[in-house]
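These numbers come from the heavy atoms of this one structure, side chains and all, not from hydrogens, waters or symmetry mates. Please read these numbers as outputs of a predicted model, since none were measured by experiment. Below, chains carry the letters A, B, ... as their sequence lines are ordered, and counting in each starts from 1.
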Amino acid sequence: MTDSRKRTLALFYCRNVPESNETDRQAIEKAYDERIRLFPLPCSGRLEPVHLLRALEEVADAAYLITCPDGACRYFEGNRRARKRVERTRQVLSEIGLEPERAGIVIGSKESPKTLAQLAGEIFDRICHMGPSPALKDSQAQRRKRRS
Amino acid sequence: MITAEQKPIEEIRGMLAPYKRVLALGCGSCVAECAAGGEKETAMLASALRMSARMNGEDVLIQEKTVDRQCVKQFIIPLDDIIGEYDAILSLGCGAGVQAVSEMYQEIPVIPALNTEFLGETRDQGYWVENCLGCGDCMLYYFGGVCPLARCSKHLLNGPCGGSVDGRCEVDPDIPCAWQLIIDRLTRFGALDRLDEIYPPKNWARKQGSGPRKIIREDQQT
């Protein structure tokens, strides 16, 4: 059985997400130790598929994006664009045989807004069933494959 | 602009299989505009290929670089300094770019990562349409700036065919009828009489009649 507590997450997020300032970011990184890498963005529309791919290649078992709620983007369509880019990333992952669920998007809610820390926790719950990524640089799975 | 689309990754991996040190080479011109082979797409493809190689336990080096234009020798020359480090180049240029790079580096295989599609226009974000066949004998003046060879599904020089409905082509209603566009444009300019003439069949010798075409301009040469 895989140890879900060891899954790592690269988390990109719009700075519009509640409680996501620098102090909050440092607190989350401290709480999760090396299991999380946080990447604040001025707008989720700044995210490109290559950012998620690079994160999956170099940093983490899963790469997620948190956007502000639908209709709440300060730049009008940033979160709409972000959704398409995450979808494009998932297509690339499928093409190479990696589970597309390793890249994902969480859209904030206007009605019941959650903090960055709460959303990070929910995403960890979502990815905990996954094994370590075989695509991650020097992952355990990769080392096993090389040895066999 | 020349348009292109990326080949399936599996096909690219198949072509790259014999090579251990690969340079993914993007092009910052036409294929960047159509989001197929620019800097971003090159980085994406290289990243996907590296991950795929890892997942399959392959020990392969894949690095990336993008030049402004792969089809112009002067833009390729800077690769001289690094090209010796690789045993294959994966070109994200159009067919002309792939061949220009091959011509420069005769000893290194240059593998196409894209399927080159057509000469076209960016109609909207993420939407490209074909509108020129590069026939070598432009007739756009006679047709109000709309090419019936490229844009009429039946390539009619003496249209319309009579099959369009509400300005849409009978072959596919998503295609605007080129002849409807031609007539609308010429009417607007008061130049509908240009269609009184019967246009003879196109002389394709200008395009394909004497082998690969070339343009030589002595005034541009050193």
Contact check, side chains of [X] and [Y], non-hydrogen atoms, under 4.5 Å:
X       : Y       : answer
A/Leu93 : B/Met51 : yes
B/Met44 : A/Arg88 : yes
B/Leu49 : A/Ile96 : no

Go through the atoms of A/Glu48 and report whether side chain, backbone, both or neither lie under 4.5 Å from a heavy atom of chain B. side chain
Atom group of B/Gln125 that falls short of 4.5 Å from chain A, counting heavy atoms: side chain
More than 12 heavy atoms from other groups under 6.0 Å of [atom1] on [X]:
X        : atom1 : result
B/Arg13  : CZ    : yes
B/Glu39  : CD    : no
B/Lys65  : NZ    : no
A/Glu34  : CD    : no
B/Asp137 : CG    : yes
A/Glu87  : CD    : yes
B/Asp80  : CG    : yes
B/Gln106 : CD    : yes

Please identify, among B/Lys40, B/Glu58, B/Glu10, the residue contributing the most non-hydrogen atom pairs under 4.5 Å to chain A. B/Lys40
Run the numbers on B/Ile9 and A/Val92 for side chain to side chain contact (heavy atoms under 4.5 Å, CB included), then give the verdict. CA-CA 8 Å; B/Ile9 290 180; A/Val92 174; 4.2 Å; yes
Lys/Arg N to Asp/Glu carboxylate O, B/Lys7 vs A/Glu95, below 4.0 Å: no
What are the two closest non-hydrogen atoms of B/Ser47 and A/Glu57, and how far apart are they? OG-OE1, 2.7 Å
Filtered by a 4.5 Å non-hydrogen cutoff, the part of residues 62-77 of chain A contacting chain B is none
Worked verdict on A/Lys137 versus B/Arg50 for side chain to side chain contact (heavy atoms under 4.5 Å, CB included): CA-CA 9 Å; A/Lys137 200 174 186 178; B/Arg50 281 191 293 266; over 6 Å; no
